[in-house]
Amino acid sequence: MAGAARRRDGRIAQERMLEEAMAAIAEDGLATLTMSALAERLGTSGGHILYYFGSKDRLLLEALRWSEDQLAGERRALLGRRLTAPRKLDLFLELYLPEGPRDPRWTLWIELWARTASNEPLKAAQEEIDEGWQRDLEALLAKGVDQGRFAPVDVSARASELLALLDGLSTRVVLGQRGADRGRALERARSAAALLVPPLPRVPEASA
(Lines give C-alpha, C1' and ligand atoms only; values in the text may rest on other atoms or scores of the structure.)
Protein backbone atom coordinates (compact mmCIF):
# COMPACT_ATOMS: atom_id res chain seq x y z
CA MET A 1 0.00 0.00 0.00
CA ALA A 2 2.81 2.40 0.85
CA GLY A 3 4.45 1.76 -2.52
CA ALA A 4 1.17 2.41 -4.33
CA ALA A 5 0.73 5.65 -2.41
CA ARG A 6 4.24 6.78 -3.37
CA ARG A 7 3.58 6.01 -7.02
CA ARG A 8 0.29 7.91 -6.91
CA ASP A 9 1.98 10.87 -5.22
CA GLY A 10 4.72 10.74 -7.84
CA ARG A 11 2.18 10.90 -10.68
CA ILE A 12 0.45 13.83 -9.04
CA ALA A 13 3.78 15.62 -8.62
CA GLN A 14 4.69 15.04 -12.26
CA GLU A 15 1.31 16.24 -13.50
CA ARG A 16 1.65 19.37 -11.40
CA MET A 17 5.07 20.07 -12.94
CA LEU A 18 3.76 19.51 -16.46
CA GLU A 19 0.73 21.69 -15.87
CA GLU A 20 2.91 24.48 -14.52
CA ALA A 21 5.35 24.12 -17.42
CA MET A 22 2.51 24.58 -19.91
CA ALA A 23 1.25 27.60 -17.98
CA ALA A 24 4.74 29.14 -17.99
CA ILE A 25 5.07 28.65 -21.76
CA ALA A 26 1.66 30.26 -22.34
CA GLU A 27 2.57 33.25 -20.16
CA ASP A 28 6.19 33.94 -21.06
CA GLY A 29 7.13 31.74 -24.01
CA LEU A 30 9.43 28.78 -24.24
CA ALA A 31 12.72 30.71 -24.18
CA THR A 32 12.27 31.72 -20.55
CA LEU A 33 11.39 28.22 -19.36
CA THR A 34 14.39 26.82 -17.50
CA MET A 35 14.49 24.11 -14.88
CA SER A 36 15.35 26.67 -12.23
CA ALA A 37 12.55 29.03 -13.30
CA LEU A 38 10.04 26.19 -13.25
CA ALA A 39 11.31 25.08 -9.86
CA GLU A 40 10.81 28.60 -8.53
CA ARG A 41 7.21 28.64 -9.78
CA LEU A 42 6.60 25.34 -8.03
CA GLY A 43 8.40 26.25 -4.84
CA THR A 44 10.83 23.35 -5.19
CA SER A 45 14.35 22.70 -6.48
CA GLY A 46 15.66 22.11 -9.97
CA GLY A 47 17.06 18.83 -8.74
CA HIS A 48 13.58 17.69 -7.77
CA ILE A 49 12.34 18.28 -11.30
CA LEU A 50 15.39 16.53 -12.77
CA TYR A 51 14.62 13.54 -10.54
CA TYR A 52 11.37 13.02 -12.44
CA PHE A 53 12.38 14.04 -15.96
CA GLY A 54 16.17 13.87 -16.24
CA SER A 55 16.52 16.71 -18.76
CA LYS A 56 14.70 19.70 -20.19
CA ASP A 57 14.10 17.85 -23.47
CA ARG A 58 12.36 15.06 -21.58
CA LEU A 59 10.31 17.58 -19.61
CA LEU A 60 9.17 19.28 -22.83
CA LEU A 61 8.25 15.98 -24.44
CA GLU A 62 6.27 14.83 -21.43
CA ALA A 63 4.51 18.20 -21.27
CA LEU A 64 3.51 17.73 -24.91
CA ARG A 65 2.33 14.17 -24.21
CA TRP A 66 0.29 15.39 -21.24
CA SER A 67 -1.37 18.08 -23.34
CA GLU A 68 -2.03 15.70 -26.23
CA ASP A 69 -3.52 13.08 -23.90
CA GLN A 70 -6.11 15.64 -22.85
CA LEU A 71 -6.93 16.40 -26.48
CA ALA A 72 -7.15 12.70 -27.28
CA GLY A 73 -9.88 12.44 -24.66
CA GLU A 74 -11.71 15.37 -26.26
CA ARG A 75 -11.41 13.71 -29.69
CA ARG A 76 -12.89 10.46 -28.41
CA ALA A 77 -15.76 12.38 -26.84
CA LEU A 78 -16.32 14.25 -30.12
CA LEU A 79 -16.41 11.06 -32.18
CA GLY A 80 -19.03 9.63 -29.84
CA ARG A 81 -21.37 12.63 -29.98
CA ARG A 82 -24.66 12.49 -31.87
CA LEU A 83 -23.75 15.07 -34.50
CA THR A 84 -23.59 15.02 -38.27
CA ALA A 85 -20.24 14.08 -39.79
CA PRO A 86 -19.73 17.59 -41.30
CA ARG A 87 -20.33 19.17 -37.90
CA LYS A 88 -17.91 16.74 -36.25
CA LEU A 89 -15.29 17.58 -38.87
CA ASP A 90 -15.73 21.28 -38.19
CA LEU A 91 -15.26 20.73 -34.45
CA PHE A 92 -12.22 18.55 -35.18
CA LEU A 93 -10.64 21.44 -37.09
CA GLU A 94 -11.32 23.79 -34.16
CA LEU A 95 -9.75 21.31 -31.75
CA TYR A 96 -6.62 20.91 -33.85
CA LEU A 97 -5.79 24.56 -34.50
CA PRO A 98 -3.94 26.66 -31.89
CA GLU A 99 -5.75 29.20 -29.78
CA GLY A 100 -3.28 31.90 -30.82
CA PRO A 101 0.41 32.87 -30.93
CA ARG A 102 0.95 31.87 -27.29
CA ASP A 103 -0.64 28.44 -27.58
CA PRO A 104 1.74 26.33 -25.43
CA ARG A 105 1.03 23.00 -27.14
CA TRP A 106 1.87 24.35 -30.56
CA THR A 107 4.88 26.23 -29.20
CA LEU A 108 6.18 22.89 -27.97
CA TRP A 109 5.45 21.17 -31.27
CA ILE A 110 7.48 23.71 -33.23
CA GLU A 111 10.37 23.52 -30.76
CA LEU A 112 10.48 19.74 -30.72
CA TRP A 113 10.12 19.37 -34.50
CA ALA A 114 13.50 21.07 -34.82
CA ARG A 115 15.08 18.45 -32.55
CA THR A 116 13.51 15.36 -34.11
CA ALA A 117 16.16 14.58 -36.73
CA SER A 118 18.84 13.81 -34.12
CA ASN A 119 16.57 12.24 -31.49
CA GLU A 120 15.00 8.89 -32.32
CA PRO A 121 12.93 8.56 -29.10
CA LEU A 122 11.51 12.02 -29.72
CA LYS A 123 10.75 11.15 -33.33
CA ALA A 124 8.96 7.96 -32.27
CA ALA A 125 6.90 9.83 -29.67
CA GLN A 126 5.84 12.48 -32.17
CA GLU A 127 4.87 9.85 -34.73
CA GLU A 128 2.75 8.10 -32.10
CA ILE A 129 0.90 11.33 -31.33
CA ASP A 130 0.41 12.09 -35.03
CA GLU A 131 -0.98 8.59 -35.63
CA GLY A 132 -3.66 9.22 -33.02
CA TRP A 133 -4.91 12.30 -34.87
CA GLN A 134 -4.70 10.47 -38.21
CA ARG A 135 -6.59 7.43 -36.91
CA ASP A 136 -9.40 9.48 -35.40
CA LEU A 137 -9.79 11.70 -38.46
CA GLU A 138 -9.91 8.65 -40.71
CA ALA A 139 -12.64 7.16 -38.53
CA LEU A 140 -14.63 10.39 -38.67
CA LEU A 141 -14.35 10.66 -42.46
CA ALA A 142 -15.07 6.97 -43.06
CA LYS A 143 -18.25 7.14 -41.02
CA GLY A 144 -19.33 10.25 -42.89
CA VAL A 145 -18.79 8.50 -46.23
CA ASP A 146 -20.72 5.44 -45.05
CA GLN A 147 -23.60 7.65 -43.95
CA GLY A 148 -23.67 9.47 -47.28
CA ARG A 149 -22.67 12.79 -45.71
CA PHE A 150 -19.31 12.98 -47.53
CA ALA A 151 -18.50 12.12 -51.13
CA PRO A 152 -16.60 8.82 -51.53
CA VAL A 153 -12.88 9.57 -51.11
CA ASP A 154 -9.62 7.87 -50.20
CA VAL A 155 -10.09 8.41 -46.47
CA SER A 156 -6.47 7.77 -45.47
CA ALA A 157 -5.02 10.08 -48.12
CA ARG A 158 -7.50 12.88 -47.46
CA ALA A 159 -6.94 12.70 -43.70
CA SER A 160 -3.17 12.90 -44.19
CA GLU A 161 -3.47 15.85 -46.57
CA LEU A 162 -5.84 17.74 -44.30
CA LEU A 163 -3.62 17.24 -41.25
CA ALA A 164 -0.58 18.45 -43.19
CA LEU A 165 -2.48 21.58 -44.16
CA LEU A 166 -3.58 22.11 -40.55
CA ASP A 167 0.03 21.84 -39.43
CA GLY A 168 1.01 24.58 -41.85
CA LEU A 169 -1.84 26.87 -40.81
CA SER A 170 -1.13 26.24 -37.15
CA THR A 171 2.56 27.06 -37.53
CA ARG A 172 1.72 30.39 -39.18
CA VAL A 173 -0.65 31.28 -36.32
CA VAL A 174 1.85 30.41 -33.59
CA LEU A 175 4.66 32.30 -35.31
CA GLY A 176 2.38 35.34 -35.50
CA GLN A 177 2.80 35.81 -39.23
CA ARG A 178 0.92 38.69 -40.82
CA GLY A 179 -2.67 37.84 -41.62
CA ALA A 180 -2.44 34.52 -39.78
CA ASP A 181 -4.77 34.36 -36.82
CA ARG A 182 -7.01 31.59 -35.53
CA GLY A 183 -10.13 32.95 -37.21
CA ARG A 184 -8.56 33.14 -40.67
CA ALA A 185 -6.82 29.81 -40.21
CA LEU A 186 -10.15 28.20 -39.37
CA GLU A 187 -11.79 29.72 -42.45
CA ARG A 188 -9.01 28.36 -44.67
CA ALA A 189 -9.15 24.96 -42.99
CA ARG A 190 -12.90 24.77 -43.59
CA SER A 191 -12.48 25.72 -47.26
CA ALA A 192 -9.77 23.12 -47.74
CA ALA A 193 -11.79 20.44 -45.94
CA ALA A 194 -14.77 21.10 -48.23
CA LEU A 195 -12.53 20.59 -51.27
CA LEU A 196 -10.73 17.51 -49.96
CA VAL A 197 -13.82 15.86 -48.49
CA PRO A 198 -16.85 17.33 -50.27
CA PRO A 199 -20.01 17.22 -48.18
CA LEU A 200 -23.11 15.77 -49.77
CA PRO A 201 -26.59 17.25 -49.29
CA ARG A 202 -28.92 15.11 -47.25
CA VAL A 203 -31.46 13.42 -49.50
CA PRO A 204 -34.97 13.85 -48.06
CA GLU A 205 -36.79 10.63 -47.32
CA ALA A 206 -39.56 9.79 -49.76
CA SER A 207 -43.02 10.28 -48.32
CA ALA A 208 -45.09 7.15 -47.80
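Residues P101 and T107 come closest through the heavy atom pair O-OG1, 4.2 Å. Taking each heavy atom of S67 and R105 in turn, the nearest pair found is OG-CD, 3.4 Å.
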**OP:** Begin with the C-alpha distance, continue with both residues' side-chain angles, and end with the deciding distance and a verdict on side-chain contact (heavy atoms from CB on, under 4.5 Å) for L60 and L33.
**Re:** CA-CA 10 Å; L60 296 180; L33 180 65; 4.0 Å; yes
Subject >> Steps toward side-chain contact (heavy atoms from CB on, under 4.5 Å) verdict (R87, R81) >> reply: CA-CA 10 Å; R87 178 56 178 155; R81 292 177 63 184; over 6 Å; no
**OP:** Report the C-alpha distance between F53 and L18 in whole Å, list the side-chain angles of each, state the deciding distance to 0.1 Å, and finish with yes or no for side-chain contact (heavy atoms from CB on, under 4.5 Å).
**Re:** CA-CA 10 Å; F53 299 106; L18 298 174; 3.7 Å; yes
**OP:** Please report the C-alpha distance between E27 and R41 in whole Å, then the side-chain angles of each, then the deciding distance to 0.1 Å, and finally whether the side-chain contact (heavy atoms from CB on, under 4.5 Å) criterion is met.
**Re:** CA-CA 12 Å; E27 292 170 13; R41 288 177 67 104; 3.0 Å; yes
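For the pair S45/L50, no side-chain contact is recorded, criterion being any heavy-atom separation below 4.5 Å from C-beta on. A heavy-atom distance below 4.5 Å is found between the side chains of L162 and L93. A 4.5 Å side-chain heavy-atom check between I110 and L30 finds every atom pair outside the cut-off. A heavy-atom distance below 4.5 Å is found between the side chains of L59 and L38. You'll find the side chain of L165 stays beyond 4.5 Å of the side chain of L196, heavy atoms only. For the pair W109 and Q126, the minimum side-chain heavy-atom distance is below 4.5 Å. Residues D103 and V173 fail the side-chain proximity criterion, which asks for heavy atoms closer than 4.5 Å. Proximity of L108 to L61: side-chain heavy atoms (C-beta onward) are nowhere separated by under 4.5 Å.
Under the 4.5 Å side-chain heavy-atom criterion for ILVMFWY residues, a single connected hydrophobic cluster contains both L42 and Y51. Both W113 and L97 sit in one connected hydrophobic cluster of ILVMFWY residues. Membership requires side-chain heavy atoms under 4.5 Å apart, directly or through other members. In terms of hydrophobic clustering, with Ile, Leu, Val, Met, Phe, Trp and Tyr side chains grouped at heavy-atom distances under 4.5 Å, I49 and W66 are assigned to a common cluster. Follow the hydrophobic side-chain contacts under 4.5 Å out from L175 and you reach I25 in the same cluster.
Atom CG in L83 sits 7.0 Å away from atom CG in L78 (nearest 0.5 Å). Taking CD from E94 and CD from E99, the interatomic distance works out to 9.0 Å, rounded to the nearest 0.5 Å. Atom CD of E187 is separated from atom CZ of R190 by 7.5 Å, given to the nearest 0.5 angstrom. Atom CD of E20 is separated from atom CZ of R16 by 4.5 Å, given to the nearest 0.5 angstrom. L64 CG to D69 CG: the interatomic distance, rounded to the nearest 0.5 Å, is 9.5 Å. Between atom CG of residue D154 and atom CD of residue E161 there is a gap of 8.0 Å, rounded to the nearest 0.5 Å.
Side-chain atoms of R75 never come within 3.5 Å of backbone atoms of L137 as a donor-acceptor pair (strictly under, hydrogens ignored). A distance-only check finds a donor-acceptor pair linking the side chain of T171 to the backbone of D167 [under 3.5 Å]. Remark: the backbone N or O of Q177 is not paired with any side-chain donor or acceptor of R172 at under 3.5 angstrom.
Ion pairing between E111 and K56 fails under the 4.0 Å rule for side-chain N and carboxylate O. Salt bridge E62/R65: present, at least one basic N to carboxylate O contact under 4.0 Å.
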Using a 3.5 Å cut-off and no angle test, enumerate the donor-acceptor pairs between side-chain atoms of residues 138-152 and protein atoms at least two apart in sequence or in another chain.
residue, atom, partner, partner atom, Å
E138, OE2, Q134, NE2, 2.7
E138, OE2, S156, OG, 3.3

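More than 12 heavy atoms of other residues, nucleotides or ligands shown are found within 6.0 angstrom of CD on E127.
Partners of Y96 under the ring-ring contact (aromatic ring centres under 6.0 Å, His included) rule, at least two apart in sequence or in another chain, are W106, W133.
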